[in-house]
Amino acid sequence: VTQVAPAEPDLRRVIGDGESVPDGEVEGLAEADLLEIYRSMVLLRTYDERSVVYHRQGRIGTYAIFWGHEAIQAGSMHALAEDDWVFPSYRESAIGLLRGMLPETVLAWWRGHPAGWWNPAEYRVASITVPIATHVPHAVGLAWGKKLRGEPACALAYFGDGATSEGAFHEGANFAAVMKAPAILLCNNNGWAISTPLAAQTAAETLADKAVGYGIPGVRVDGGDVLAVFEATRDAVLRARAGDGPTFIEAVTYRMAPHATADDPSAYIDAERVERERENECLLRYERYLRRLGLLDDALVAEARDEALVAMRAGIQAAEALPPPDPDLVFMHAYDEPPPGLRDG
Amino acid sequence: MTNRRRGFAMASRTLVEAVNDALRGEMERDPDVMVIGEDVGRAGGVFRATAGLRDRFGEDRCVDTPLAEAGILGTAVGLCMAGWRPVCEMQYDAFSYPCLDQLICHVGRYRWRTGGTMEFPITVRMPYGGGVRAPELHEDSPETYYVHTPGVKVAIPSTPADAKGILAAAIRSADPVVVLEPKLLYRTAREEVPDGEHLVPLGEARVVQEGDDLTLVAYGSMVEVARKAAGELEASAEVIDLRTLKPLDEGTLLASAAKTGRVVIVQEAPRVCGFGAEVAAVLADKAILDLKGPVKRVTGYDVPFPYWTIEDAYMPSVERVVRAARELLEF
């Protein structure tokens with residue numbers, strides 16, 4: 001048994017500040033990869049911003065905002081292979097877009113329409129999990145099951161800082177470690193579980209410290225640095241594929257938007273801190289980085305944004321054009337062989 | 001429907017040996033079937049229900065897991081997504097409560113959530129019930145929690161042959177099935193059990209003995225109590241073993257009620273909202289004109305299952321069933 005080193009206290013970073021902190025680079029990422037990651041972030045950002053508008057317009061229901069989390073989502077997704085599985089929480093509701101899912105599917109989900117159901121095997125994206133942390137064991141089971149079959153796929157579970165307080169997180173992380181499951185446990189630590197700050201969530205110095213107790217590596221990255229997230233996830237994937245088991249990644253960011261459209265954070269959040277964080281939010285940081293490299297100009301920014309807006313317009317139109325769902329769906333799909341009397345009510 | 005297939009080879013087995021036989025047979029038949037749980041591998045289960053499976057099928061298909069019931073059922077969901085057909089052992093009835101979170105939030109919902117495109121053929125099996133002089137939380141009857149969970153089926157065998165046939169059917173079911181095994185009968189019940197393939201379809205009750213004057217409805221270890229009570233009655237009692245609680249075999253139940261007009265339900269679990277209440281409601285709805293008296297329930301009480309020195313005062317007894325039956329006959 002090899003001793004697992006204590007979790008890294010410092011946040012891994014690649015992107016500098018354009019002044020005193022120099023930019024790093026990630027080995028193996030070509031210019032095309034950097035731009036693909038950029039387009040993914042823009043697509044997610046556009047999805048999120050449009051969704052808040054759609055909610056205000058009454059076109060979708062309550063929506064969990066992920067503004068500012070695009071670096072965590074896009075960076076990690078680009079480190080996965082097509083056959084790797086992803087287990088989203090509601091904060092990553094649109095993650096399927098990076099696997100070719102249409103915006104209308106996710107929008108239909110937020111519209112409470114059964115057209116928002118999908119076959120997880122089609123995208124290797126599990127269903128959006130609403131209860132906190134309960135999907136962590138699912139990801140671990142998938143990863144373990146693939147390993148038992150000799151298939152190379154890994155599984156990545158997204159969850160928040162609050163989720164690390166749940167028993168399901170603990171049981172999943174422990175199972176993953178014991179079974180040496182090729183799993184990546186990616187904690188989006190945005191500092192808040194609705195109104196509960198991290199300090200009221202845990203007495204641990206860092207969430208990555210928890211990994212030590214499971215005997216697995218705990219890595220901390222700047223969650224606003226898409227390339228740092230990519231690199232940490234890629235390292236975890238390599239480790240998983242080599243048969244060395246799971247990695248816990250703590251991606252640290254700050255929640256710059258309400259928890260969801262139904263939440264008013266003015267009662268608990270530090271508005272000045274939010275303003276400061278917004279000046280250094282992940283998409284802006286990545287755009288500045290790409291401009292410093294000479295890879296991005298205003299035209300490309302506009303093009304990426306327009307492309308995403310077109311996809312969203314088509315998505316909301318398609319979602320709104322769906323016929324009302326058949327009420328008979330109430331009785332469908334829960335069972336392969338429904339018990340007699342299912343319709344007695 | 002008979003669960004005996006005459007002319008086929010039989011072997012004398014206890015109920016727990018029949019469970020083992022079913023697991024062995026299904027693992028032979030289907031390479032995707034795997035058994036996971038606490039102490040199921042090296043030890044072969046605390047009741048030895050999984051004895052020999054690790055040696056026969058390897059440690060990847062009969063897996064000793066960490067001590068984590070929600071983790072067992074949660075990983076089973078992911079194992080299904082990877083193409084496995086997991087059979088999860090919960091070590092004892094009351095130790096299964098931590099897995100309710102996964103059962104309610106995911107196991108019963110995931111198929112629905114995928115629009116029926118993915119199946120979750122999970123079997124959860126556990127010893128249940130009292131009368132075994134065990135410590136606290138080793139003698140519960142938790143079936144109602146499971147029956148009340150949409151998307152999940154529930155079966156409770158009362159004989160070795162049914163234990164084999166029901167478990168095999170549960171493992172083959174595309175729906176998640178919880179199978180509760182009466183631990184009181186694990187080694188006290190022994191009978192001839194068909195060798196090889198033996199299936200008891202889910203949703204079919206068994207008429208244990210026919211009778212004309214009243215019906216005793218039971219399941220699990222209460223079937224034997226009902227059968228003994230029937231033997232002490234002056235009247236002719238029919239005894240029905242429900243075998244599957246969901247789906248409930250209403251046809252057999254209602255046919256018997258129509259014949260006898262009197263029904264006593266025997267249930268070991270606490271009274272309020274126990275499965276007997278569901279049976280009584282079905283009778284009230286669909287058999288009211290057949291009934292010659294009230295539907296009676298003989299049940300456990302709404303108390304924690306007692307410490308074992310006084311557990312006999314809790315368990316539905318032959319005497320209590322006979323008393324209820326006589327009250328009904330004299331109604």
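Order of the sequence lines fixes the chain letters, A, B, ..., with proteins taken first and strands second; residue numbering starts at 1 for each chain. Bear in mind that the values here come from a model prediction, so they are computed numbers and not experimental data.
- Pro131(A) touches chain B through its side chain: at least one heavy atom from C-beta onward sits under 4.5 Å away, while N, CA, C and O do not.
- A salt bridge does not link Glu26(B) with Arg85(B): none of the charged nitrogens is closer than 4.0 Å to a carboxylate oxygen.
- Heavy atoms of Ala126(A) lying under 4.5 Å from chain B belong to its backbone as well as its side chain.
- Neither the backbone nor the side chain of Asp249(B) comes within less than 4.5 Å of any heavy atom in chain A.
- Cation-pi geometry between Arg149(A) and Trp84(B) is satisfied (NZ or CZ under 6.0 Å from the ring centre, within 45° of the ring normal).
- Only the side chain of Ile36(B) comes within contact range of chain A, judged by heavy atoms closer than 4.5 Å.
- Proximity to chain B at a heavy-atom threshold of 4.5 Å picks out nothing from residues 90-100 of chain A.
- Contacts of Ala121(A) with chain B are made by both backbone and side-chain atoms, with heavy-atom separations under 4.5 Å.
- Comparing Ala174(B), Gly116(B), Pro66(B) by how many heavy-atom pairs each has under 4.5 Å with chain A, the most go to Pro66(B).
- Side-chain atoms of Arg124(A) and Glu82(A), non-hydrogen and from C-beta on, do get closer than 4.5 Å to each other.
- Interface remark: Tyr110(B) contributes side-chain atoms only to the contact with chain A (heavy atom separation under 4.5 Å).
- Between His135(A) and Tyr158(A), the ring centre distance reaches or exceeds 6.0 Å.
- Looking at Ser173(B), neither its backbone nor its side chain comes within 4.5 Å of chain A, counting heavy atoms on both sides.
- Aromatic ring pairs are classed by plane angle as parallel below 30°, tilted from 30° to 60° and perpendicular above 60°; the pair His170(A) and Tyr214(A) is tilted.
- Counting heavy-atom pairs closer than 4.5 Å to chain A, the top-ranked of the candidates Lys153(B), Glu250(B), Glu119(B), Arg109(B) is Lys153(B).
- Using modelled atom types, no side-chain atom of Glu104(A) and backbone atom of Ala319(A) make a donor-acceptor pair closer than 3.5 Å.
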Pairs of donor and acceptor atoms involving the side chains of residues 142-149 of chain B, under 3.5 Å and at least two apart or interchain, shall be tabulated with distances.
unit_1    : atom_1 : unit_2    : atom_2 : d
Glu143(B) : OE2    : Tyr219(B) : OH     : 2.6
Tyr146(B) : OH     : Ser96(B)  : OG     : 2.3
Thr149(B) : OG1    : Tyr145(B) : O      : 2.9

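- Ranked by non-hydrogen atom pairs under 4.5 Å with chain B, the options Pro340(A), Gly145(A), Pro137(A) are led by Pro137(A).
- Your options are Leu73(B), Ile72(B), Thr244(B), Leu202(B), and the one with the most heavy-atom pairs under 4.5 Å with chain A is Ile72(B).
- In this structure, Phe248(A) and Phe169(A) have perpendicular ring planes: the angle between them is above 60°, well past the 30° mark.
- Side-chain N/O atoms of Gln201(A) and Thr196(A) include no donor and acceptor closer than 3.5 Å.
- The existence of a salt bridge linking Arg241(A) and Asp84(A) is confirmed by a sub-4.0 Å separation between a basic side-chain nitrogen and an acidic carboxylate oxygen.
- Salt-bridge check for Arg172(B) with Glu197(B): passed, with a basic side-chain N closer than 4.0 Å to an acidic carboxylate O.
- Among Leu79(B), Val77(B), Asp285(B), the residue making the largest number of heavy-atom pairs under 4.5 Å with chain A is Leu79(B).
- For chain A, the option among Met118(B), Arg113(B), Met34(B), Glu69(B) with the highest count of heavy-atom pairs below 4.5 Å is Arg113(B).
- With salt bridges taken as basic N to acidic carboxylate O contacts below 4.0 Å, none links Lys246(B) and Asp175(B).
- A distance below 6.0 Å separates the ring centres of His333(A) and Trp117(A).
- Interface remark: Met179(A) contributes side-chain atoms only to the contact with chain B (heavy atom separation under 4.5 Å).
- Per-residue heavy-atom pair counts under 4.5 Å with chain A were compared for Gly74(B), Ala76(B), Pro247(B), and the maximum is reached by Gly74(B).
- Between the side chain of Arg111(B) and the backbone N or O of Tyr335(A), at least one donor-acceptor pair lies under 3.5 Å.
- Heavy-atom distances place the backbone of Val152(B), and not its side chain, under 4.5 Å from chain A.
- Contact of Asp101(B) with chain A is made through the side chain alone, with heavy-atom distances under 4.5 Å.
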